[in-house]
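Residue numbers run from 1 in the order of the sequence given.
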Amino acid sequence: MKLYVYDHCPFCVRAAMVAGYKDVDLQIVPLLNDDEASCHQLIGKKMVPILAWDDQAMGESLDIAKKLDEIGSGVKLMRAPTDYQSITAVISSVQRSISCLLFPRNIQAGLPEFATLSARDYFQRNKEPMIEQSFATAMADTALHKQRVETMLASLPHLSLPSENGDTLGWDDVMIYPTLRNLTLVQDLQIPQQVRDYLQEIAALTRTELYYAIAI
């Protein structure tokens with residue numbers, strides 16, 4: 001079984017979280033960001049993550065996460081979703097600033113999906129229209145975007161820790177963690193201790209990596 005991913009992709013992180021937590025025996029395969037051919041060969045369109053096994057393949061991150069939950073360890077249970085929307089709505093309120101911080105840093109961080117110049121150019125060409133500015137401008141405006149994101153982080157409702165719930169993972173975490181995890185790529189971003197504790201516990205529980213060591 002193989003899970004095809006981009007390391008920076010929040011949707012891919014959803015699937016990787018459940019795979020790590022549930023001890024699923026699979027191979028994580030990074031795809032180059034401009035590798036459209038592999039995606040089309042597997043599921044007929046450009047999309048990640050992709051889960052492939054035997055002669056089957058599936059896309060859609062939550063479908064994959066649910067499949068991995070089904071086949072993974074029966075001892076480690078997933079907590080049912082509650083009110084994650086109240087938290088994701090706060091995060092999404094500054095989505096443009098999050099994108100302006102992360103998009104240009106993604107291609108500078110040495111991630112496997114950007115190992116080639118063509119992959120980096122492909123990403124930049126597709127993402128600059130989304131933020132309606134160049135990556136250079138987004139980087140130049142880092143202070144502005146950091147301020148907006150830091151205000152958002154300080155206003156987040158309480159994040160329920162795995163240690164408060166028997167060291168279990170919840171479906172709320174699958175929706176909340178990926179974007180917060182990606183923000184660890186922003187150097188000197190002021191992340192409240194509550195959020196740092198949450199990130200550390202979820203990362204350890206799911207065997208996913210934070211970006212503090214390579215922050216830009």
Side-chain angles (χ1 to χ4, degrees), residues 3-17 28 30-35 39 46-49 61-62 65 84 87-156 159 173-192 194-196 198-200 202-203 206 208-216:
L3 181 65
Y4 294 87
V5 299
Y6 304 145
D7 195 87
H8 77 281
C9 169
F11 301 101
C12 297
V13 177
R14 290 177 181 175
M17 290 171 70
I28 293 183
L31 287 178
L32 286 170
N33 196 251
D34 62 340
D35 183 1
C39 296
K46 176 77 158 60
M47 171 187 286
V48 288
S61 62
L62 290 180
Y84 68 84
I87 296 174
T88 56
V90 176
I91 298 171
S92 296
S93 70
V94 292
Q95 185 57 58
R96 185 170 182 275
S97 282
I98 290 173
S99 297
C100 286
L101 288 172
L102 294 181
F103 286 172
R105 286 169 170 80
N106 286 336
I107 62 173
Q108 298 177 43
L111 303 178
E113 59 265 37
F114 301 120
T116 65
L117 177 60
S118 62
R120 296 190 293 275
D121 287 347
Y122 178 95
F123 182 81
Q124 184 166 354
R125 186 167 62 250
N126 283 282
K127 297 301 185 184
E128 284 185 337
M130 292 178 62
I131 59 174
E132 300 178 321
Q133 60 186 271
S134 69
F135 279 10
T137 298
M139 287 295 289
D141 289 341
T142 287
L144 171 64
H145 297 303
K146 280 178 65 176
Q147 182 181 41
R148 291 172 177 169
V149 171
E150 287 170 351
T151 299
M152 176 276 291
L153 291 172
S155 71
L156 280 176
L159 301 174
D173 301 318
V174 172
M175 305 303 293
I176 295 167
Y177 170 80
T179 299
L180 295 179
R181 171 259 191 181
N182 284 359
L183 285 171
T184 64
L185 186 59
V186 183
Q187 191 173 59
D188 298 327
L189 185 71
Q190 297 304 302
I191 301 176
Q194 174 216 359
V195 181
R196 285 183 175 271
Y198 177 80
L199 290 171
Q200 294 289 356
I202 297 291
T206 61
T208 53
E209 297 291 333
L210 302 177
Y211 287 141
Y212 292 125
I214 59 171
I216 299 168

Under a 4.5 Å cut-off applied to non-hydrogen side-chain atoms, are [X] and [Y] in contact?
X    : Y    : answer
I91  : I98  : yes
Y198 : L156 : no
E113 : D35  : no
M47  : F11  : no

| Distance only, no hydrogens: is a donor on one side chain within 3.5 Å (strictly under) of an acceptor on the other, for Q147 and T151? |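 No.
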| task | State, without any angle test, whether T208 and Y177 hold a side-chain donor-acceptor pair at a distance under 3.5 Å. | result |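 A donor-acceptor contact under 3.5 Å links the two side chains.
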| Say you draw a straight line from CG of L102 to CD1 of I107; how long is it, rounded to the nearest 0.5 Å? |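 Those atoms lie 12.5 Å apart.
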| said: For a quick test of reading the model, state the closest non-hydrogen atom pair linking I216 to R105 and the distance between them. | reply: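 The pair with the smallest heavy-atom distance is O-NE, 2.7 Å.
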| task | Please report the shortest heavy-atom distance between A138 and C100, naming the atom on each side. | result |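 Heavy atoms only, the tightest pair is CB-O, 3.5 Å.
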| said: Quick check on ring pair (Phe, Tyr, Trp, His ring centres under 6.0 Å): which of F103, F123, Y122 does F114 satisfy it with? | reply: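 Exactly one option meets the ring pair (Phe, Tyr, Trp, His ring centres under 6.0 Å) with F114, and it is F123.
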| E128 side chain to F135 backbone, donor-acceptor under 3.5 Å |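 Side chain of E128 to backbone of F135: a pair is present.
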| field | Worked verdict on M130 versus R96 for side-chain contact (heavy atoms from CB on, under 4.5 Å) | value | CA-CA 9 Å; M130 292 178 62; R96 185 170 182 275; over 6 Å; no
Please tabulate, one pair per line, all N/O donor-acceptor pairs under 3.5 Å involving side-chain atoms of residues 178-185, not counting sequence neighbours.
{"from": "R181", "atom 1": "NE", "to": "E209", "atom 2": "O", "distance (Å)": "2.9"}
{"from": "R181", "atom 1": "NH1", "to": "D7", "atom 2": "O", "distance (Å)": "2.9"}
{"from": "R181", "atom 1": "NH1", "to": "Y211", "atom 2": "OH", "distance (Å)": "3.1"}
{"from": "R181", "atom 1": "NH2", "to": "D7", "atom 2": "OD2", "distance (Å)": "3.3"}
{"from": "R181", "atom 1": "NH2", "to": "E209", "atom 2": "O", "distance (Å)": "3.3"}
{"from": "R181", "atom 1": "NH2", "to": "Y211", "atom 2": "OH", "distance (Å)": "3.3"}
{"from": "N182", "atom 1": "ND2", "to": "H8", "atom 2": "O", "distance (Å)": "2.8"}
{"from": "T184", "atom 1": "OG1", "to": "R181", "atom 2": "O", "distance (Å)": "2.6"}
{"from": "T184", "atom 1": "OG1", "to": "Y211", "atom 2": "N", "distance (Å)": "2.8"}

| task | Starting from the C-alpha separation in whole Å, work towards a yes-or-no answer on side-chain contact (heavy atoms from CB on, under 4.5 Å) for V186 and K146. | result | CA-CA 8 Å; V186 183; K146 280 178 65 176; 4.1 Å; yes
| Within a reach of under 6.0 Å around CD of Q133, are more than 12 heavy atoms found that belong to other residues, nucleotides or ligands? |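 More than 12 heavy atoms, drawn from other residues, nucleotides or ligands, come within 6.0 Å of this atom.
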| task | Dump the intermediate steps for side-chain contact (heavy atoms from CB on, under 4.5 Å) on L189 and L153, then the final yes or no. | result | CA-CA 10 Å; L189 185 71; L153 291 172; 4.0 Å; yes
